[in-house]
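The next block holds one structure in the form of structure tokens; read it before the comments.
Just so we're on the same page: letters track the sequence lines, and every chain starts at 1. Model, not experiment: these values are computed from the prediction.
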Protein chains: 2
Amino acid sequence: MSVGPSDGTPGGGGRTNLFSPVSVDRISEVIVEQVRLLIREGKLVPGDRLPSERSLCEQFGVSRVTVREALRVLEASGLVEIRVGARGGAFVTQPSSERVGKGLAELMTLASMTAGDVTEARMVFELGILPLVVERATEEDIADLRVLVEQGLNELENGSYTMAMSAAFHVRVASAAHNPAIEMLVRTFHGPMLMSLQQAHIAAPLMGPRGAHEHFELVEAIEQRDIDRARTIMTRHLQRTADRLAEYANPTLEDPGNEE
Amino acid sequence: MSVGPSDGTPGGGGRTNLFSPVSVDRISEVIVEQVRLLIREGKLVPGDRLPSERSLCEQFGVSRVTVREALRVLEASGLVEIRVGARGGAFVTQPSSERVGKGLAELMTLASMTAGDVTEARMVFELGILPLVVERATEEDIADLRVLVEQGLNELENGSYTMAMSAAFHVRVASAAHNPAIEMLVRTFHGPMLMSLQQAHIAAPLMGPRGAHEHFELVEAIEQRDIDRARTIMTRHLQRTADRLAEYANPTLEDPGNEE
DNA sequence: CTACCAAGAATGGTCTGACCAATACGCTCA
DNA sequence: TGAGCGTATTGGTCAGACCATTCTTGGTAG
């Protein structure tokens, strides 16, 4: 049918485009926008399945290639997930903090952000949310945190403690603020943090008995709703992480002389 | 040539996959990963141009469709920008906070985040960075802020004040902290904020003379390096925004009885 | 000599039609 | 009734083709 060039589509040929303001570079982009809108409006909810590629071709009146490119963009944006096989297709995904943070972490590492920058932002944020955490933490939150602390101590004993463990703890703390935006933000911080640290092969030594103990103390303070103590502990905890980071980034400085 | 299934590729058939651990669904994804790696390693820097689609086909030994899908993903991830015409092609982009925040804002709106959540997170963050801002703001920062305040007052007079204006101000304040991570985060906050507000058609009335004046006062406090005053002003400013938001979200409450 | 315009080449955007691989459903047969 | 084997559905890829856009180049007119 030739959706190609100079068919009836306005904006295609050299006709006056008086009332068809901006049109179309890239048909696939139009499709993306349409689906995006449907999702935003709630007409497509997580779990819903888009029609098959071949169906979409007919409905949009374009070729399968075009539809596929649109689906690729939607997939890369984290809006849909594509499964193969019968009953496969494009499924609208549950927007998750993880997915968001992941893509973000990628670009953060590329942007001109140092580990120090991230740490600083992290200090601002993780300290700032402490009042909320202390006020809102439920028993379930605290129980979860206890488990994480214990896991951390175990892993520490057999030397398998990773930064991921620490990140999980801090994210769980943030989630006790019971605010999705805050949780996502903290999660976002820890993404690029892990990446840059792991790249530098300094994951393991960053956490030690002292840090793990501070995690323990923090949970206690939260449980006792002691905001001042919590803040003190967190400040010390993050500050030492920052110092350690600076030390690795600039090893010429004198040795701070503490373990952790 | 059939790059298809049971060619020599390990992992395709039922052979022992002893040393070819995870195989390859989706060739385009492999290409994406390769380019991503080149960019991360710095072998491709912003401004560089990737080979043309047809060249990439040959180099990777795949069809153009596959290369194009890979490029689409890279483009959607904000890693490359594609230009048409002679001397066109895929150009590695300068990773910008804007681009990052934009994609993120998209997903934030879809996640189960209310305007209240975002505002709360915003208060934590924007208050937390004030010490940094007050300490580090340069004369240039302050001059820029003055310009924004003046623009705001002008727009206020002729009734064209928008939330975008306010967002620009707050982002500029954050950038005075001279920490890319912080700037990006604040930018991220304002993205979904604008979207949700504009959707609700309450953009205009949210800002008034009082808010604009507070912007002015804030700049003054920053210039005088008066952290306490800055914090006071910002707290009041954000708190009223929060109240106003709550009011719109739940209009049954009594009218707080202030203008702005 | 300059300025403008036309032909050409390079490149992305799209179409068509085909085949393969993966998956789930349903039917047949024991 | 249960297990196994087709078969239809669907995404993944290929091949070759054409068009629109854009830059380059060279020639022509002033």
Point to revise | salt bridge (Lys or Arg N to Asp or Glu O under 4.0 Å) partners for A:Arg87, two or more places apart | key: none
Exercise for review: Mind listing the closest non-hydrogen atom pair of B:Ile129 and B:Val186 along with its distance?
Suggested key: CD1-CG2, 4.4 Å
**Study point:** side chain to side chain contact (heavy atoms under 4.5 Å, CB included) against A:Ala137, all qualifying residues, sequence neighbours excluded
**Key:** A:Asp141, A:Ile142, A:Ala176, A:Ile222, A:Arg225
Exercise for review: Apply salt bridge (Lys or Arg N to Asp or Glu O under 4.0 Å) to B:Arg146 and list each qualifying residue two or more places apart in sequence or on a separate chain.
Suggested key: B:Glu223
Exercise for review: Check whether any side-chain N or O of B:Thr66 sits under 4.0 Å from OP1 or OP2 of D:dG12, and answer yes or no.
Suggested key: no
Revision key, fill the gap. The side chain to side chain contact (heavy atoms under 4.5 Å, CB included) partners of B:Val149 (sequence neighbours excluded) come to B:Leu153, B:Phe169, B:His215, B:Phe216, B:Val219
Anything under 3.5 Å between a donor and an acceptor, one on a side chain of residues 32-39 of chain B, the other on a protein residue two or more places apart or in another chain? List them.
none

Practice item. Could you check how far CG of B:Leu56 sits from P of C:dA10, rounded to whole Å? Key: 17 Å
Review point. Considering residues at least two apart in sequence or located in another chain, which fulfil the side chain to side chain contact (heavy atoms under 4.5 Å, CB included) criterion with B:Ala177?
Key: B:Leu132, B:Val133, B:Ile182
Point to revise | Spacing between B:Phe91 atom CZ and D:dC23 atom C1', to the nearest angstrom | key: 12 Å
Point to revise | Intra- and inter-strand pairs of DNA chain D in dot-bracket (Watson-Crick or G-U wobble, both distances under 3.5 Å; | for another strand) | key: ||||||||||||||||||||||||||||||
Review point. For B:Arg64, which residues count as a side chain to side chain contact (heavy atoms under 4.5 Å, CB included) partner, sequence neighbours excluded?
Key: B:Glu53, B:Arg54, B:Cys57, B:Arg68
Can you pull every protein N or O that's under 3.5 Å from an N or O on nucleotides 11-13 of chain C?
| from | atom 1 | to | atom 2 | distance (Å) |
| --- | --- | --- | --- | --- |
| C:dT11 | OP1 | B:Arg49 | NH2 | 3.0 |
| C:dT11 | O4' | B:Gly85 | O | 3.4 |
| C:dG12 | OP2 | B:Glu53 | N | 3.0 |
| C:dG12 | N7 | B:Arg54 | NH1 | 3.0 |
| C:dG12 | N7 | B:Arg64 | NH2 | 3.3 |
| C:dG12 | O6 | B:Arg54 | NH2 | 3.2 |
| C:dG13 | OP1 | A:Arg26 | NH1 | 3.2 |
| C:dG13 | OP2 | B:Arg68 | NH1 | 2.9 |
| C:dG13 | OP2 | B:Arg68 | NH2 | 3.4 |
| C:dG13 | N7 | B:Arg64 | NH2 | 2.8 |
| C:dG13 | O6 | B:Arg64 | NH1 | 3.1 |

